[in-house]
Undergrad: 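Sharing a structure with you now.
Every chain is numbered from 1, with letters handed out A, B, ... down the list of sequences.
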Protein chains: 2
Amino acid sequence: MEIEAATVSKGRPREFCVDAALAAALRVFWSKGYEGASMADLTEAMGITKPSLYAAFGNKEALFNKALDLYEREKTDYMRAALDAPTARGVAERLMYGALDMYSCPENPNGCLGVISSVACGAEAECIREAVVARSATAKQAMLERFTRAKDEGDFPDDVDPAGLAAFLTAMNQGMAVQAGAGATRAELERLVETGLKLWPGR
Amino acid sequence: MEIEAATVSKGRPREFCVDAALAAALRVFWSKGYEGASMADLTEAMGITKPSLYAAFGNKEALFNKALDLYEREKTDYMRAALDAPTARGVAERLMYGALDMYSCPENPNGCLGVISSVACGAEAECIREAVVARSATAKQAMLERFTRAKDEGDFPDDVDPAGLAAFLTAMNQGMAVQAGAGATRAELERLVETGLKLWPGR
DNA sequence: CAATTTATATACCACCCGTTATGGAAATCG
DNA sequence: CGATTTCCATAACGGGTGGTATATAAATTG
């Protein structure tokens, strides 16, 4: 039983770059959501034909999961960097401005793949939603742990709840994603972030 | 040229209640989104056949817009009541707890029809998104006017921006909708609301 | 009771969906 | 070179989509 894929290919090598194709697929899912992205959309953007796609990625769901991996890999990076900030306020700043940069970057599709996929999800694609929600939960959990530590360190008053702050930041992030998807400008999102930080406890 | 529909029907009267059918359609759109709701889903929930639906409502898009009217009519009520609160903090309280009640009512589908429809919207249904976004904009505008008045009345410090507060409340509402759609419990949403109110300026 | 007008029910349309079978081209290994 | 293995392109599959034509049933008007 072969576990590893063959390191030396015997037949004709594939003519496209898997990583580039996956990046293209991510953009399509990011723009249209899981169900909104048709195989025709995907193959056209990826520059390959359907049989090639199925041979390389399995099926639509597997392709989405790999695209989601790619998306989260980058996003996780910026979140981890944010959680490494020395103070809770620093964490909030980096998280919100990071989200702002992501959502207002003109090269990115509008909105957040996670929000799009968890909201726009017909019953048939329940497993997609579950996968996305699970990842979102781990992100929230990481925030919670960071803020419990921050509370111990006296970063904010005792009457505010670390779990509440984590939920708050999550909601702000989701709200930004929705407004960005609806066409909000960077200036509008900036004002939202600044207001959120003005309300943030402490300092 | 007849402008008004005939007030006295001549032929066989329809056997179903239009309002009840529309309410059923609203629940389907609310649960599955515009594109996720198929005509089969709709007719089954409404208890009528496709020709009856098309005769009574026109087509899928017209049906959605009427369902959206119905949805907004109720939601607008609670928002207007919220904006009538004497203080800005009262407005925020009523808006957030109103949203909480709406999103955690077990009889309602999860999430917010507006968020679902604006986020989960393939290119073909662009007009749907535009309709939803336009309504959301008017709601935000009403908040903005209320908070500019509140600022003149000294409800919160001068260094906070009324437009920022409106965007903030909108984002909180959207975040609650996303988290509710993802299966958050009422307790979790309550904690989010309480944190939001704890951060609210003044008092 | 006719005649008319409308609602309903069945069936159907062309199209798009995700997925796969088929046939031929191309590159590697012996 | 020959054999083999894999990739690519075309086309088709069954099923679901929004929307509709046709025919029958039912109620109102005269």
Undergrad: With sequence neighbours excluded, what pairs up with B/N59 under the side-chain contact (heavy atoms from CB on, under 4.5 Å) test?
TA: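 If we apply the side-chain contact (heavy atoms from CB on, under 4.5 Å) test to B/N59, skipping adjacent residues, the hits are B/Y54, B/E61, B/A62.
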Undergrad: Applying salt bridge (Lys or Arg N to Asp or Glu O under 4.0 Å), can you list everything that pairs with A/R94, at least two apart in sequence or on another chain?
TA: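 With neighbours one apart ignored, the set is empty.
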Undergrad: Starting from P on C/dT5, measure out to CZ on B/R14 and report it in whole angstrom.
TA: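 Computing the B/R14:CZ to C/dT5:P distance gives 18 Å.
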Undergrad: Taking CD from A/E15 and C1' from C/dG24, how many angstroms apart are they, rounded to a whole number?
TA: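 Distance, rounded to whole Å: 14 Å.
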Undergrad: Can you check the A/L53 CG to D/dC8 C1' distance for me, whole Å?
TA: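 Those two atoms, CG and C1', are 13 Å apart.
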Undergrad: List for me each residue that meets side-chain contact (heavy atoms from CB on, under 4.5 Å) alongside A/A184, sequence neighbours excluded, and say none if there are none.
TA: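 So A/A184 forms a side-chain contact (heavy atoms from CB on, under 4.5 Å) with A/Q179, A/E188, A/L189.
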Undergrad: Once you round it to whole Å, what is the distance between P of C/dG18 and CD1 of A/I128?
TA: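 Going from A/I128 (CD1) to C/dG18 (P), I get 12 Å.
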Undergrad: With distance as the sole test, does B/K140 use its side chain to make a donor-acceptor pair with the main-chain N or O of B/A166 at under 3.5 Å?
TA: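 Checked: no pair found.
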Undergrad: Which whole-number value in Å describes the distance from B/I48 CD1 to C/dT10 P?
TA: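 My rounded result for the distance is 15 Å.
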Undergrad: Produce a footprint string for nucleotides 16-21 of chain D: one letter per nucleotide, 5' end first; B if the base is under 4.0 Å from any protein heavy atom, S if only the sugar-phosphate is, - if neither.
TA: -SSBBB
Undergrad: Just grab all the side chain to side chain donor-acceptor pair (under 3.5 Å) pairs involving residues 36-45 of chain A, residues at least two apart or on different chains.
TA: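 For residues 36-45 of chain A: A/K32-A/D41, A/S38-A/D41.
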Undergrad: Excluding sequence neighbours, so at least two apart, what forms side-chain contact (heavy atoms from CB on, under 4.5 Å) with B/R27?
TA: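 Counting only residues at least two positions away or on another chain, B/R27 forms a side-chain contact (heavy atoms from CB on, under 4.5 Å) with B/P109.
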Undergrad: Are A/S52 and D/dC8 close enough that a side-chain N or O sits under 4.0 Å from OP1 or OP2?
TA: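 Yes.
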